[in-house]
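The structure under discussion appears below in the form of structure tokens.
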Amino acid sequence: MREQPILTQLVLEWLACSQSPRVLHVFDRACNLINAQNEIISLVWPELGAGPFAWVLPEKRPFTDITTDSSVEIIDGNLWLGNSNIPFAHAQLWNPKLNWEAIRQQKVDWPELLCEISQALKQQEMNKTMSVGAGHRLAPTMSHKFDLAQNQFLLGIEKQNQALIVDGAAALAGLGQGLTPTGDDFLLGAMIALWLKNIDINILDLIVQTAVSRTTLLSSAWLKAAGRGEFVAAWHDFFAGLEDGGWQTAVHKILQIGHSSGNDALLGFTAVLEQLILPR
């Protein structure tokens, strides 16, 4: 029996209301579409999993014939992408927002868990370093900028100083290469920690407002979703795994996101939690 596509309410609204939709990016396992309002949705293969603005296709569907010049039309519950017809009328809805109230009630030994996650991050870094052709995540000059920006941001978290947080977020936003730069991924992970610790929502809004104008359209979409408390399925699995013991598998999935996006998000998550939880 064929699986149903999985998408979010945001994707449904995009499909219902978009003007002048077009192809933004095409990859082997994903295709990003954008409308006249610069709102993005992602068509993704099943193994990439659900996300805040993802449309998870029921099966692997090659995008080899799609280019940024391919036509995009939405007609009667069907997306026409070039010559391909992709129906969504009977899609399964998925809620990307984590149940933060329930998560905050979980009994977790966070100092011990942070130590284990840090070990997983170190192992991941070692594995990448040992891989043939693997390079540094950031060039030396950019790495220095990242360290300075990260320290400023974390100091703002420690001191609960909004000005420092904003300045740090401004320096991190857009820092790095690719469609979701390292600095943005760090901020995304940081916001997961801030949601977990129930930090003033105004701080999350400030981070988003500061960062989105300084980075790529795709990274902005991820940061806006984080500001709403919405994250990919692997993070949902992580928090569910804190109770059923499956968090290590979820961490492995997070580390596989992008070239280093999952790694950088976990780094932001652990760094902020350490500021908020561990004694100084």
Side-chain angles (χ1 to χ4, degrees), residues 1-12 14-15 23-34 40-68 70 79 81-82 84-88 90-98 117 120-121 123-125 127-128 131-134 137 178-180 182 184-185 188-189 192 216 218-219 221-222 225-226 230-242 244-267 269:
M1 182 177 179
R2 179 173 169 156
E3 297 282 336
Q4 288 182 311
I6 299 170
L7 44 75
T8 64
Q9 184 64 36
L10 183 148
V11 174
L12 271 185
W14 191 100
L15 292 166
V23 177
L24 180 63
H25 310 116
V26 183
F27 308 100
D28 290 340
R29 300 181 295 168
C31 177
N32 295 330
L33 308 182
I34 190 169
I40 295 174
I41 65 169
S42 297
L43 281 66
V44 303
W45 283 15
E47 62 260 36
L48 295 185
F53 48 93
W55 173 352
V56 183
L57 302 177
E59 58 191 3
K60 294 181 180 180
R61 192 181 192 115
F63 296 112
T64 50
D65 296 332
I66 305 301
T67 71
T68 53
S70 296
L79 172 72
L81 186 56
S84 298
N85 173 29
I86 309 175
F88 61 86
H90 302 292
Q92 175 184 343
L93 273 181
W94 181 75
N95 183 3
K97 186 165 185 176
L98 283 154
I117 295 174
L121 282 166
Q123 185 62 51
Q124 175 84 348
E125 200 65 33
N127 292 343
K128 286 192 173 183
S131 297
V132 177
R137 190 173 80 245
L179 295 174
T180 60
T182 292
D184 298 337
D185 293 326
L188 185 145
I192 297 174
T216 67
L218 182 60
S219 203
W222 285 114
E230 299 174 359
F231 300 95
V232 297
W235 281 102
H236 288 244
D237 293 343
F238 169 76
F239 285 108
L242 296 180
D244 64 22
W247 67 267
Q248 291 174 315
T249 300
V251 164
H252 178 74
K253 289 181 182 177
I254 292 168
L255 288 171
Q256 304 312 306
I257 297 173
H259 178 66
S260 64
S261 291
N263 184 99
D264 296 328
L266 268 173
L267 179 63
F269 175 72

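The chain is numbered in sequence order, starting from 1.
Separation of atoms CD (Gln9) and CH2 (Trp94) is listed at 13.5 Å; rounding is to 0.5 Å. Here the straight-line distance linking atom CG of Leu10 with atom CG of Leu15 works out to 9.5 Å at 0.5 Å rounding. Distance NZ/Lys253 to NE2/His236: 12.5 Å, rounded to 0.5 Å. If you take SG on Cys31 and CG on Leu24, they are separated by 9.0 Å, rounding to the nearest 0.5 Å. Between Ile66 atom CD1 and Arg61 atom CZ the span is 9.0 Å, to the nearest 0.5 Å. The CD1 atom of Ile192 lies 6.5 Å from the CZ atom of Phe239; values are rounded to the nearest 0.5 Å.
Nearest heavy atom pair, residue Val232 against residue Ile257, reads CG2-CD1, 3.9 Å. Considering every non-hydrogen atom in both Ala250 and Ala234, the closest pair reads CB-O, 3.8 Å. When all heavy atoms are compared, the tightest approach of Trp222 to Pro52 is CZ3-CD, 3.5 Å. A pairwise comparison of heavy atoms in Ser219 and Asp184 identifies OG-OD2, 2.7 Å as the closest pair. Taking both residues in full, the closest heavy atoms of Val44 and Gly49 are given as CG2-O, 3.8 Å, listed atom of the first, atom of the second, then distance. Of all heavy-atom pairs spanning Thr180 and Ser261, the tightest one is OG1-OG, 3.0 Å.
Side-chain contact between Ile86 and Leu57 is present, with heavy atoms from C-beta onward closer than 4.5 Å. Contact annotation: the side chain of Leu255 never approaches that of His252 to less than 4.5 Å [non-hydrogen atoms, C-beta and beyond]. Side-chain contact check for Lys60 versus Arg29: every heavy-atom pair is 4.5 Å or farther apart. Inter-residue side-chain proximity for Ile41 and Leu7 is flagged as unmet; no heavy-atom pair is nearer than 4.5 Å.
Counted within 6.0 Å of CG on Asp65, heavy atoms from surrounding residues, nucleotides or ligands total 12 or fewer; the atom is thus considered open. More than 12 heavy-atom neighbours from other residues, nucleotides or ligands sit within 6.0 angstrom of CG on Asp244.
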_If you apply the rule side chain to side chain contact (heavy atoms under 4.5 Å, CB included), what do you find for Leu266 with Ile117, and how did you get there?_
CA-CA 8 Å; Leu266 268 173; Ile117 295 174; 3.9 Å; yes
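Proximity of the aromatic rings of Phe53 and Trp14 is defined here by a centroid distance below 6.0 angstrom, and this criterion is not met.
Val23 pairs with exactly one of Leu81, Thr67, Ile34, Asn32 by the side-chain contact (heavy atoms from CB on, under 4.5 Å) rule, that one being Leu81.
Defined by atom type and a distance below 3.5 Å, a donor-acceptor pair is present between the side-chain atoms of Ser260 and Asp264.
Ring-plane geometry between Trp55 and Phe88 is classed as perpendicular, the angle between the planes exceeding 60 degrees on a 0 to 90 degree scale with a lower cut at 30. Relative ring orientation between Phe238 and Trp235 is described as perpendicular, the plane-to-plane angle rising above 60° on a 0-90° scale split at 30° and 60°.
Using a distance-only test at 3.5 Å, with no hydrogens or angles considered, no donor-acceptor pair links the side chain of Trp45 to the main chain of Glu59.
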